[in-house]
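The structure appears right after this line, and notes come after that.
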Amino acid sequence: MEMEIRALESADYEFVASAVDNWWGGRPVRALVHRIFFDHLNASSFAIGPSDAVQAFLIGFVSQSDPKVAYIHFVGVSPAARAGGLARMLYEHFFNVVSAQGCTEVRSITSAVNTGSIAFHRKLGFTLLPGSGEIDGVPVTLDYAGEGQHRVLFRKAL
């Protein structure tokens with residue numbers, strides 16, 4: 001399969017929404033890829049693979065509150081395509097697109113238990129922002145996404 005990055009489209013929603021929980025080993029994450037991201041907030045979101053067989057996708061946007069800041073909301077890679085560099089390709093493409101739009105930094109978050117995501121972000125040059133607590137030596141913002149929903153916050157200068 002050719003690994004061409006393309007714009008995320010409305011037509012991608014059905015496949016992504018039906019696959020993403022399985023991609024996370026049954027963890028319920030489908031609500032995080034709401035259709036609004038595919039229909040209305042996709043100007044800086046990208047996919048690899050056809051709409052009926054997306055291999056990887058990145059949902060990101062430029063902040064409306066601070067147009068110098070871009071935010072990566074969600075990234076998914078099919079388990080069959082992992083370790084192929086697709087996530088890195090999508091992140092680098094996103095960095096280039098939002099940098100050309102005047103962004104000077106990118107932010108993102110992950111769950112405190114997602115050690116793979118934490119390591120990946122660090123490899124890409126993200127720094128961990130200070131939090132209100134610490135879990136296993138990692139700074140976290142306690143209750144960021146609701147009670148007991150602690151998150152690691154990242155920042156990368158472009």
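Every value quoted in this text rests on a predicted model; they were computed, and no experiment measured them.
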Side-chain heavy atoms of Leu128 within contact of Val138, under 4.5 Å: yes
Gap between atom CZ of Arg88 and atom OH of Tyr91 - 0.5 Å precision: 11.0 Å
Candidate pair Ser63 and Tyr71, rule side-chain contact (heavy atoms from CB on, under 4.5 Å), full reasoning: CA-CA 7 Å; Ser63 170; Tyr71 182 80; 5.9 Å; no
Residue pair Leu142 / Ser132: nearest heavy atoms and the distance that separates them: N-OG, 2.9 Å
Distance in Å, Ile48 CD1 paired with Leu58 CG, rounded so as to fall on 0.5 Å steps: 9.5 Å
Arg27 and Ser111: CA distance, side-chain angles, deciding distance, side-chain hydrogen bond (donor to acceptor under 3.5 Å, both in side chains) verdict: CA-CA 12 Å; Arg27 185 173 147 212; Ser111 297; 3.2 Å; yes
Residue pairs, two or more places apart or on separate chains, that pass salt bridge (Lys or Arg N to Asp or Glu O under 4.0 Å) and touch residues 56-69: none
Non-hydrogen atoms of Ser44 and Gly60 that approach each other most closely: OG-O, 2.9 Å
Tyr13 with Val77, same ILVMFWY side-chain cluster at under 4.5 Å: no
Aromatic ring pairing His121/Phe126, orientation class (parallel under 30°, perpendicular over 60°, tilted between): perpendicular
Same apolar cluster: Phe61 and Val75, side chain cutoff 4.5 Å: no
Side-chain donor-acceptor contacts of residues 146-158 below 3.5 Å, not counting sequence neighbours, with atom names and distances?
| from | atom 1 | to | atom 2 | distance (Å) |
| --- | --- | --- | --- | --- |
| Gln149 | OE1 | Arg151 | NH2 | 3.3 |
| His150 | ND1 | Asp143 | N | 3.0 |
| Arg155 | NE | Glu105 | OE1 | 3.2 |
| Arg155 | NE | Glu105 | OE2 | 3.3 |
| Arg155 | NH2 | Glu105 | OE1 | 3.3 |
| Lys156 | NZ | Leu124 | O | 2.8 |

Donor-acceptor under 3.5 Å (Ser18 side chain, Phe15 main chain): yes
Under 3.5 Å: donor-acceptor pair, side chain of His93, backbone of Met89: no
Exercise: identify the closest heavy-atom pair between Thr141 and Gly131: OG1-CA, 3.9 Å
Ser108 (side chain) donor-acceptor with Ile72 (main chain) under 3.5 angstrom: yes
With sequence neighbours excluded, residues passing side-chain contact (heavy atoms from CB on, under 4.5 Å) with Arg6: Glu9, Asp12, Ala47, Ser51, Val54
Any side-chain heavy-atom pair of Val62 and Cys103 under 4.5 Å: yes
Pairs where residues 72-86 contributes a residue and the test side-chain hydrogen bond (donor to acceptor under 3.5 Å, both in side chains) is met, not counting sequence neighbours: none
Mind listing the side-chain donor-acceptor pairs of residues 31-41 below 3.5 Å, one per line with the distance, residues two or more places apart or on another chain?
| from | atom 1 | to | atom 2 | distance (Å) |
| --- | --- | --- | --- | --- |
| His34 | ND1 | Ile36 | N | 3.0 |
| Arg35 | NH2 | Glu14 | OE2 | 2.6 |
| Asp39 | OD1 | Ser10 | OG | 2.6 |

Results of salt bridge (charged side-chain N to carboxylate O under 4.0 Å, His left out) for Glu134 - residues two or more places apart only: none
Worked check of ring-ring contact (aromatic ring centres under 6.0 Å, His included) between Phe74 and Trp23: CA-CA 13 Å; Phe74 201 97; Trp23 289 7; 9.1 Å; no
Val140 with Val113, same ILVMFWY side-chain cluster at under 4.5 Å: no
Same apolar cluster: Phe95 and Val69, side chain cutoff 4.5 Å: no
side-chain contact (heavy atoms from CB on, under 4.5 Å) between Ser45 and Phe57, worked out: CA-CA 8 Å; Ser45 297; Phe57 67 96; over 6 Å; no
Heavy-atom side-chain contact between Ile5 and Leu90 under 4.5 Å: yes
Distance in Å, Leu8 CG paired with Ile59 CD1, rounded so as to fall on 0.5 Å steps: 6.0 Å
For the student: nearest non-hydrogen atoms of Leu86 and Ala81, plus distance: CD1-CB, 3.7 Å
Co-membership, hydrophobic cluster, residues Phe46 and Val98, 4.5 Å side-chain: yes
